[in-house]
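One structure is given below, encoded as structure tokens.
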Amino acid sequence: MIRRAIAVLLIFLTVLGPVFSDPIEYEYEPYEEDEFPIWSQELRRAETIFFGSLVITFPVAMGIYSLASSLGMPTPEKDYQQVLQQALIAGGLSLVIAGTDWIIGKVSGD
């Protein structure tokens with residue numbers, strides 16, 4: 001009985017909360033050019049490149065891994081360990097790609 005009462009109370013608060021709240025007076029302001037420090041912009045770029053390249057590096061790592069295992073490379077017997085090794089290879093490749101982009105940006109004076 002108490003659980004039902006709490007559930008009904010939570011539903012009423014969730015549904016009726018916006019009815020009794022004050023409207024938010026907010027206008028969109030675009031970001032200014034100097035609002036974020038350079039290091040955070042570089043970190044965001046590296047993050048985007050890292051996770052974006054995983055889409056390509058993970059299938060490549062899986063293909064290289066299966067090719068190497070068919071040529072005689074010792075592999076673990078459990079499937080989850082094989083997938084973990086493939087993910088580590090893909091993550092390493094993506095990290096190299098993101099690091100290379102950062103180095104190229106520093107050298108070119110971006």
Side-chain angles (χ1 to χ4, degrees):
M1 181 68 180
I2 293 176
R3 288 184 182 175
R4 288 184 185 173
I6 291 173
V8 169
L9 181 66
L10 286 175
I11 290 172
F12 279 133
L13 289 175
T14 303
V15 172
L16 297 178
V19 173
F20 296 112
S21 65
D22 293 330
I24 298 175
E25 299 295 328
Y26 177 76
E27 288 190 33
Y28 173 74
E29 295 179 16
Y31 290 119
E32 296 178 13
E33 189 172 325
D34 297 332
E35 190 166 352
F36 295 103
I38 297 296
W39 67 266
S40 68
Q41 294 173 5
E42 290 175 353
L43 183 65
R44 177 66 177 151
R45 179 179 171 91
E47 174 191 8
T48 302
I49 290 173
F50 175 81
F51 287 111
S53 66
L54 273 178
V55 175
I56 296 171
T57 59
F58 202 88
V60 168
M62 289 174 60
I64 292 171
Y65 188 86
S66 66
L67 179 66
S69 65
S70 68
L71 293 176
M73 180 184 83
T75 58
E77 294 178 17
K78 298 181 180 177
D79 288 338
Y80 77 91
Q81 289 177 337
Q82 292 179 2
V83 172
L84 181 62
Q85 285 182 348
Q86 293 168 3
L88 288 173
I89 293 168
L93 287 172
S94 291
L95 190 62
V96 166
I97 291 169
T100 303
D101 176 74
W102 181 75
I103 291 171
I104 289 171
K106 287 294 182 184
V107 169
S108 69
D110 189 12

Report task. Provide the closest heavy-atom pair for Gln81 versus Glu77 in the form atom of the first, atom of the second, distance. Result -> OE1-N, 4.5 Å

Report task. State plainly whether one hydrophobic cluster holds both Ile49 and Leu54, where clusters connect Ile, Leu, Val, Met, Phe, Trp and Tyr through side-chain heavy atoms under 4.5 angstrom apart. Result -> no

**Report entry** Closest non-hydrogen atom pair, Ser69 against Ser66
**Finding:** OG-O, 2.9 Å

Requested in this report: Using modelled atom types only, decide if a donor and an acceptor are shared between the side chain of Gln86 and the backbone of Phe58 within a distance under 3.5 Å.
Outcome: no

Query raised in the report: Do Leu93 and Met73 belong together in a cluster built from hydrophobic side chains that touch within less than 4.5 Å?
Result: yes

Requested in this report: State, to 0.1 Å, how close Ala90 and Ala61 come at their nearest heavy-atom pair, and which atoms those are.
Outcome: N-CB, 3.8 Å

Query raised in the report: Mind checking whether Met1 and Leu9 sit in one hydrophobic cluster, side chains of I, L, V, M, F, W, Y counted as touching below 4.5 Å?
Result: no

Query - Side-chain touch Ile89/Ile64, heavy atoms, less than 4.5 angstrom - result: no

Requested in this report: Working to the nearest 0.5 Å, report the span between OG1 of Thr14 and CG of Leu10.
Outcome: 6.0 Å

Requested in this report: Could you tell me whether Glu42 and Arg45 have a side-chain N and a carboxylate O separated by less than 4.0 Å?
Outcome: no

Query raised in the report: If you draw a 6.0 Å radius around CD in Glu29, do more than 12 non-hydrogen atoms from other residues or ligands fall strictly inside?
Result: no

**Report entry** Nearest-0.5 Å distance that lies between atom CZ in Arg44 and atom CH2 in Trp39
**Finding:** 13.0 Å

Query - OH on Tyr28 to OH on Tyr31, rounded to 0.5 Å - result: 7.0 Å

Query raised in the report: Linking I/L/V/M/F/W/Y whenever their side-chain heavy atoms sit closer than 4.5 Å, directly or via other members, would Leu95 and Phe51 fall into one cluster?
Result: yes

**Report entry** Min side-chain heavy-atom separation Ile97-Phe50 under 4.5 Å
**Finding:** no

Query raised in the report: How long is the span from the CG atom in Leu88 to the OH atom in Tyr65, to the nearest 0.5 Å?
Result: 10.5 Å

